[in-house]
Amino acid sequence: MENPSTKLPVPPTALIGREAEIRYAHELLGHEDVRLVTLTGPGGSGKTRLGVDVAANTRGAFRDGLFFVDLAPIRNPVFVLPAISQALGGKAEKMQAALYDKQCLIFLDNFEQVIQAASDISGLLAACPEIKILATSREELRIRGEYILPVAPLPLPTLFKNISSADIAQFPAIELFVQRAQSVTPDFFLNDENALVIAEICIRLDGLPLAIELAAAQIRLFPPAVFLKRLEQGLKMISGPRDLPARQQTLRSTFDWSYDLLTPREKILLMRLSVFRGGATLEAIREISGSNGDEFLDGLDSLVSKNMLRQTNTPLLQYVMLETIREWALEKLEISGEAEIIRRRHAVHFLNLAKEAFDKRWTLNHTQWLDRLESEEGNLHEALRWAAENDRRGLFLDLTANLWLFWSMRGPLAEGLIWLDLAAKECDLKAGGIESELAVNVLVGASELARYQGDFEKAIQWKQKILEICRDSGDESWVPAILHDLAIIHAEIGDCERSLSFAQEAVELRQKQGNTAGIAHALGALFFALMCNGDLAGAYAAIGKASKISRDHQNPERLVTDLIMLMHIAIRQRRYEDARYAFEEFLPMVKVLADQEAIASGIHAMGILAAAKRNSHQAARLLGAADEISLLGGFRFEIPGRMWVLHTTSEAKTRIRETAWNKEYDAGRALVKSTGSVLEVLRILEEHINKPSGSGKSNGHFPAGMTARELEILRLVAQGLTDNQVAQTLVISPRTVNAHLTSIYNKIGVKSRSAATRFAIEQGLDRS
């Protein structure tokens, strides 16, 4: 070991965004019992660059220095120890003896292609008690005593409408892009015009440092917006300087380096997994890859350990591939010749998932199915795109027919309507090949989403086509529902006479069918029509009957809509406490359903209540929040008695200065933008809604922050009534009573009915 080489590669640029990893690596190497630290991560994540900085900063910590060994040129594991010996300046057969009493750090770079030599490293560490090893590898060495330091892609901004260029600039991925772009174009700067585009480029490249560096070098040829557009052409756009190692001159060659190290089975599994976008469950992978048994699980585990996949920590275990790796693997799949088979399996799998969710639409666990579909948004988009291009009159129609309700409840409506419009145009029964039932289901979805977005002309067009198909086929099961929708649409556009005609016909047909749940649905349309015609007593009677049926049938999806209508009629008739009671019954159910349209409609109704009670500041804030949720979700409120509502809000606005109204309105919108969760917005606004208003009884007088309805329920419970008896007394469902009791227990800090009763008696709340 005479005059050993301790030269590290000289980095051409500064390291960005790895402060936490450097600190952690130094901490690990500083521990006496830590002998091996492995930096692992996908190709292009910057393992070598990080390792160089870590090693360089440890020179003084090792008495006998540090030694750099580049393993990239080596493919045969038997040459690893000789390569280390050569770097140390000695002979392989004498290396262990020479290192026995040496205190040094050996930096082994690019270990992944000689991973079988891991046992030799284990032996070297055992024989030489004072050496430590820092390794970089796309795969863990998996030997005893190894400490893993994951080298993840650089942090990326989450883009939203009003994010500033200053906020974007704080992220390491953006800083890296800007610095590298300035090295080739000195007058390049991040500004308000290009910040979002640069952020999108970095997001598109998964925050991989190598990809970002290669992309930034292209800025001398293409402005950021043009380069982002060209990225759609694929990874061939990402290439870099000739002085980089050959495996890093393009992203494709970087990933090819990893691919060549996989077994034949792992290569097939990786290619097939590329059809998933955003993640895949074990069940989906097993079905679509055609794999099973231990070999299938071993293959997944190996791809994770080699950083070609990663596991998520969400409740639903998923395997996720970086988008850049996925795009490259898709190219491999296309070349393999089995892309058609695998993509069809993928589309069929997610069609079955959509069907199962649609079939559960009126069950108590429907929300769980909506959550599941939401978690598979990327895969659903891929399935739709492929089916639209390859099986438009089959799989594609089936997918849209089963997804429209999901889009209507969770959004985005605009995207859903694009798919459904495309599908609806295929529903020409004269062309043959499509069953009337499938065509109707597609057209129902297209017309509903058009209606929710306020495109009434298109909604009426599609609904009239449904009526035509139903009557031509002799199957009129859908007719009452379509008449219901037409009644509401015509009420919205002010054609009150036709609205009433459609609604009455819908109720009559449902009564003839003996469909009780359908009668409740039709009565909702009659409510809109009667409100449009100014018949408040008739409207109140109609929605009262509808809500009773919904409660009796324990249909929470329908009941939340009925309660919104009850709020509106109560406000119109100046029964303000009844409007509040309806809202308090609405709250626990809508929180469970997590239906963004229903939540926004409920907040909007409470804004109207505040306006009617002359509390203009509160009205402005609630209406601002509701409008922003509507804007983000892409839907339009359906408001019974719209003209009266517009007049009431206009009067509320004139009671205070326009600047004051706009300030509160903008505060409501800002709350939605900053929170990101509609349920969290609702939770925050509850407190605002419960503030004392200009008239009416203040909830501020109620103990423990209980609402008026909760106080009423607690009083009845303290008087000895069961849940069912409370429900009958207040004309609400037992489920709603139970939800209120849970909230009451949390607010007063008890866990049982008897403890709640004691609290009520001590507070004197058991008396009317």
Side-chain angles (χ1 to χ4, degrees), residues 1-11 15 18-41 47-74 76-151:
M1 291 184 58
E2 299 293 329
N3 301 316
S5 171
T6 62
K7 290 183 180 179
L8 287 168
V10 179
L15 184 64
R18 295 298 190 189
E19 294 81 4
E21 289 92 338
I22 290 174
R23 282 196 302 271
Y24 184 50
H26 285 167
E27 282 180 24
L28 286 175
L29 290 170
H31 284 287
E32 185 177 348
D33 59 341
V34 175
R35 306 286 310 286
L36 168 63
V37 175
T38 307
L39 308 180
T40 66
K47 299 179 293 297
T48 298
R49 182 66 187 82
L50 174 60
V52 168
D53 262 42
V54 170
N57 290 325
T58 62
R59 286 183 188 274
F62 294 92
R63 182 182 64 239
D64 297 301
L66 66 90
F67 304 90
F68 174 73
V69 186
D70 183 9
L71 299 176
I74 300 173
N76 192 329
V78 302
F79 294 125
V80 170
L81 289 181
I84 296 173
S85 179
Q86 183 179 0
L88 295 174
K91 295 182 179 180
E93 60 270 18
K94 297 181 179 180
M95 181 172 58
Q96 289 188 1
L99 284 175
Y100 179 76
D101 60 350
K102 300 297 181 181
Q103 185 195 58
C104 62
L105 176 69
I106 301 174
F107 178 10
L108 303 178
D109 193 29
N110 298 297
F111 205 97
E112 58 271 355
Q113 84 281 0
V114 287
I115 202 71
Q116 295 85 353
S119 59
D120 293 336
I121 300 304
S122 180
L124 183 63
L125 288 168
C128 307
E130 292 200 71
I131 70 166
K132 295 194 177 191
I133 290 177
L134 174 67
T136 69
S137 176
R138 300 183 189 185
E139 180 179 359
E140 301 170 12
L141 274 61
R142 293 193 177 188
I143 58 179
R144 287 181 297 173
E146 180 182 28
Y147 284 77
I148 303 300
L149 198 163
V151 183

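Only this structure's heavy atoms are used, side chains among them; waters, hydrogens and symmetry mates stay out. Note that the coordinates shown come from a computational prediction; the quantities given were computed from them, not determined experimentally.
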Check your understanding: L141 and I115: side chain to side chain contact (heavy atoms under 4.5 Å, CB included), yes or no, with the steps?
Key -> CA-CA 6 Å; L141 274 61; I115 202 71; 4.3 Å; yes
Donor-acceptor check, side chain of [X] to backbone of [Y], threshold 3.5 angstrom: yes or no?
X	Y	answer
Q113	L71	yes
K102	I131	no
K47	V151	no
D109	D70	no

Point to revise | side chain to side chain contact (heavy atoms under 4.5 Å, CB included) assessment of D64 paired with L99 | key: CA-CA 10 Å; D64 297 301; L99 284 175; over 6 Å; no
Practice item. For the residue pair L29 and V54, establish whether any side-chain heavy-atom pair is separated by less than 4.5 Å. Key: yes
Review point. Is any side-chain heavy atom of H31 less than 4.5 Å from a side-chain heavy atom of Y147?
Key: no
Of all the heavy-atom pairs spanning [X] and [Y], show the shortest one and how long it is.
X	Y	answer
L50	E21	CD2-CB, 3.8 Å
N110	A72	ND2-CB, 3.7 Å
P129	A127	CD-O, 3.5 Å
A117	P77	CB-O, 3.7 Å
L28	V34	O-CB, 3.2 Å
C104	F62	C-CD2, 3.6 Å

Would you give the length of the straight line joining atom [atom1] of [X] to atom [atom2] of [Y], rounded to the nearest 0.5 angstrom?
X	Y	atom1	atom2	answer
I84	M95	CD1	CE	5.5 Å
D101	E130	CG	CD	7.5 Å
N57	H26	CG	NE2	4.5 Å

Practice item. Tell me, please, which residues at least two apart from T38 pass side-chain hydrogen bond (donor to acceptor under 3.5 Å, both in side chains). Key: E146
Review point. Residues in side-chain hydrogen bond (donor to acceptor under 3.5 Å, both in side chains) with R35, at least two apart?
Key: none
Review point. More than 12 non-hydrogen atoms from neighbouring residues, nucleotides or ligands closer than 6.0 Å to CZ on R63, yes or no?
Key: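 Check passes, neighbour count above 12.
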Check your understanding: For L124 and Q96, what are the C-alpha separation, side-chain angles and deciding distance, and is it a side chain to side chain contact (heavy atoms under 4.5 Å, CB included)?
Key -> CA-CA 7 Å; L124 183 63; Q96 289 188 1; 4.0 Å; yes
**Study point:** side chain to side chain contact (heavy atoms under 4.5 Å, CB included) partner of V69, the single match among L108, L88, I74
**Key:**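 Testing each of L108, L88, I74 against V69, the sole residue satisfying side chain to side chain contact (heavy atoms under 4.5 Å, CB included) is L108.
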Point to revise | side chain to side chain contact (heavy atoms under 4.5 Å, CB included) partner of F68, chosen from L8, L134, I106 | key: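 Only match with F68 under side chain to side chain contact (heavy atoms under 4.5 Å, CB included): L8.
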